[in-house]
There are 2 protein chains.
Amino acid sequence: MESTNIHPTADWIFNQAKINIPNISLGTVYRNLKQLSDEGDIRTIHDGAIARYDCNKDRHDHLRCKVCGDLIDVQLFDDDLRKIVKKKYKFEADDVEMTIIGTCKKHTK
Amino acid sequence: MESTNIHPTADWIFNQAKINIPNISLGTVYRNLKQLSDEGDIRTIHDGAIARYDCNKDRHDHLRCKVCGDLIDVQLFDDDLRKIVKKKYKFEADDVEMTIIGTCKKHTK
DNA sequence: AATAATAATAGGAACTATTACTATTTAAGT
DNA sequence: ACTTAAATAGTAATAGTTCCTATTATTATT
């Protein structure tokens with residue numbers, strides 16, 4: 001999983017794992033992903049209705065390109081924004097899920 | 001649906017609708033929500049694995065309180081951030097899905 | 001008002017991602 | 001080797017959502 005910079009789904013991981021462990025079960029994949037996620041070794045990201053998994057442990061945001069479907073890691077939400085949330089809405093932010101949908105640089109002439 | 005400031009699920013709407021239209025079908029609810037969403041009359045928000053619907057048509061973000069579960073409408077992503085995304089990542093932002101998870105002011109002494 | 005054409009609906013089946021369950025296997029400790 | 005505990009495969013079950021079809025409602029046409 002670390003060998004890729006994509007943000008794989010459980011199903012993708014299941015299929016990759018089958019190459020080396022032919023009779024691995026999908027339940028095992030989900031169970032282990034959940035454990036890794038709970039321990040903070042990976043991150044679970046909600047991409048619409050399905051879950052993707054991210055080896056990038058640092059808090060970060062995503063750009064999703066609507067042309068090629070790429071999901072790109074970026075850093076946008078910072079302490080400044082956290083402070084604004086705190087001041088303006090009296091809300092203590094623990095975690096942020098931000099995905100920006102648009103067009104990536106590959107498709108701009 | 002407009003009578004509430006919550007962010008209802010399809011199921012909640014279905015149950016509310018049944019009060020007045022006892023034999024309404026869940027498919028009808030989904031179909032009409034999809035249509036309204038496509039036309040831009042409501043917004044679909046992805047809350048984890050399930051979809052919620054929002055009458056607030058203006059682009060906005062959400063704060064989700066992990067204590068009481070409240071989903072609060074806020075305005076955080078602005079043109080400044082859009083410009084940063086454009087400049088830093090050469091990414092043309094069309095839409096943003098941002099949910100900040102934390103603790104709302106109701107639970108801070 | 002009767003008829004034809006079109007759209008919307010109920011009800012349920014089908015689908016997809018995920019979780020739960022259980023008998024069996026693997027590993028660890030003694 | 002034997003016991004205990006943990007992990008797994010395989011499958012059933014669940015939840016949210018979409019798809020399908022026969023039927024019903026709506027609109028337009030004469």
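Here is how names work: the chains are called A, B, and so on, in the same order as the sequence lines, proteins then strands, and each is numbered from 1. Because only heavy atoms are used, hydrogens play no part in the values below, and waters and symmetry mates are left out as well, while side chains stay in. Keep in mind that what you see is a predicted model, and the values were worked out from it rather than measured.
Summarising the geometry, the separation between CG on A:Leu33 and C1' on C:dT18 is reported as 12 Å, rounded to the nearest angstrom. For A:Phe14 and C:dT19, the CZ to P distance is 15 Å, given to the nearest whole Å. Summarising the geometry, the separation between CH2 on A:Trp12 and P on C:dT18 is reported as 16 Å, rounded to the nearest angstrom. Put simply, OH on B:Tyr30 is 15 Å from C1' on C:dA14, counting in whole angstrom units.
Residues satisfying the salt bridge (charged side-chain N to carboxylate O under 4.0 Å, His left out) test with A:Lys83, not counting sequence neighbours, are none. Under the side chain to side chain donor-acceptor pair (under 3.5 Å) criterion, B:Asp41 pairs with no residue, sequence neighbours left out. Legend: residues meeting salt bridge (charged side-chain N to carboxylate O under 4.0 Å, His left out) with B:Lys88, ordered by chain and number and at least two apart, are absent. With sequence neighbours excluded, no residue forms a side chain to side chain donor-acceptor pair (under 3.5 Å) with A:Glu97. Applying the side chain to side chain donor-acceptor pair (under 3.5 Å) criterion to A:Lys90, with sequence neighbours excluded, gives no partner residue.
You can see that DNA chain D meets the heavy atoms of chain B within a 4.0 Å-exclusive cut from D:dG16 to D:dT18, reading 5' to 3'.
Here salt bridge (charged side-chain N to carboxylate O under 4.0 Å, His left out) pairs that include residues 13-30 of chain B, with residues two or more places apart or in two chains, number zero. Applying the ring-ring contact (aromatic ring centres under 6.0 Å, His included) test to residues at least two apart or on different chains, the pairs with a partner in residues 55-106 of chain B are B:His7-B:His62, B:His60-B:His62.
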TODO: Verify side chain to side chain contact (heavy atoms under 4.5 Å, CB included) between B:Val96 and A:Thr99, making sure each step is shown before the conclusion.
DONE: CA-CA 6 Å; B:Val96 180; A:Thr99 301; over 6 Å; no
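Searching all strands for a Watson-Crick or G-U wobble partner of D:dT21 with both distances below 3.5 Å returns C:dA10.
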Pairwise N/O distances under 3.5 Å, protein to nucleotides 7-10 of chain C:
unit_1	atom_1	unit_2	atom_2	d
C:dT9	OP2	B:Arg31	NH1	2.7
C:dT9	OP2	B:Asn32	OD1	3.4
C:dA10	OP1	B:Asn23	O	3.2
C:dA10	OP2	B:Ser25	N	3.0
C:dA10	OP2	B:Thr28	OG1	2.2

